[in-house]
**Q** 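Below: one structure in structure tokens.
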Amino acid sequence: MGKIIFWLVLIFGVLFALRMWNSSKTRASRRDAAGPGDGPGRGATPMIKCVDCGVFLPAPDVTTTPGGYRCGDPACPNRKRSAV
């Protein structure tokens with residue numbers, strides 16, 4: 001019984017070591033592929049809420065009006081305002 005437990009522990013230990021090695025290798029390759037200036041939150045566009053319907057849109061897609069930001073959808077004033 002002791003030999004079986006020994007071999008099971010040894011097999012699981014080797015599998016765990018291989019998994020950790022593969023994980024660190026994958027993490028390093030992702031970090032190298034991302035480049036020096038790319039990080040979390042960089043390049044993300046701010047989301048702006050439409051004053052008529054309450055839909056959030058990326059900043060380049062909104063229309064600026066004197067009354068605020070609008071989504072530009074012709075059916076926007078007829079749409080129900082979201083609860084959020």
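In what follows, every heavy atom counts, from backbone to side chain, and hydrogens, waters and symmetry copies are set aside.
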**Q** List the residues meeting side-chain contact (heavy atoms from CB on, under 4.5 Å) with Leu15, not counting sequence neighbours, and say none if there are none.
**A**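 Counting only residues at least two positions away or on another chain, Leu15 forms a side-chain contact (heavy atoms from CB on, under 4.5 Å) with Ile11.
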**Q** Could you work out, with side-chain contact (heavy atoms from CB on, under 4.5 Å) as the rule, every residue matching Ala59, not counting sequence neighbours?
**A**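 By the side-chain contact (heavy atoms from CB on, under 4.5 Å) rule, Ala59 matches Pro46, Ile48.
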**Q** Run the side-chain contact (heavy atoms from CB on, under 4.5 Å) test against Thr26 and tell me which residues pass, sequence neighbours left out.
**A**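 Once residues adjacent in sequence are excluded, the partners of Thr26 under the side-chain contact (heavy atoms from CB on, under 4.5 Å) criterion are Asn22, Arg30.
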**Q** Do the side chains of Phe16 and Trp7 join up, straight or via other hydrophobic residues, at under 4.5 Å, putting them in one cluster?
**A**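 In one cluster with Phe16: Trp7, no.
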**Q** How would you list, by chain and number, every residue that makes a side chain to side chain donor-acceptor pair (under 3.5 Å) with Arg27, sequence neighbours excluded?
**A**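 Arg27 satisfies side chain to side chain donor-acceptor pair (under 3.5 Å) with Ser23 once adjacent residues are dropped.
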**Q** Could you tell me which non-hydrogen atom of Leu57 sits nearest to which non-hydrogen atom of Cys71, and how far apart they are?
**A**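 In this case the closest contact between Leu57 and Cys71 is CD1-CB, 3.0 Å.
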**Q** Looking at residues at least two apart in the chain, or sitting in another chain, which of them share a side-chain contact (heavy atoms from CB on, under 4.5 Å) with Thr65?
**A**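 Once residues adjacent in sequence are excluded, the partners of Thr65 under the side-chain contact (heavy atoms from CB on, under 4.5 Å) criterion are Thr63, Arg70.
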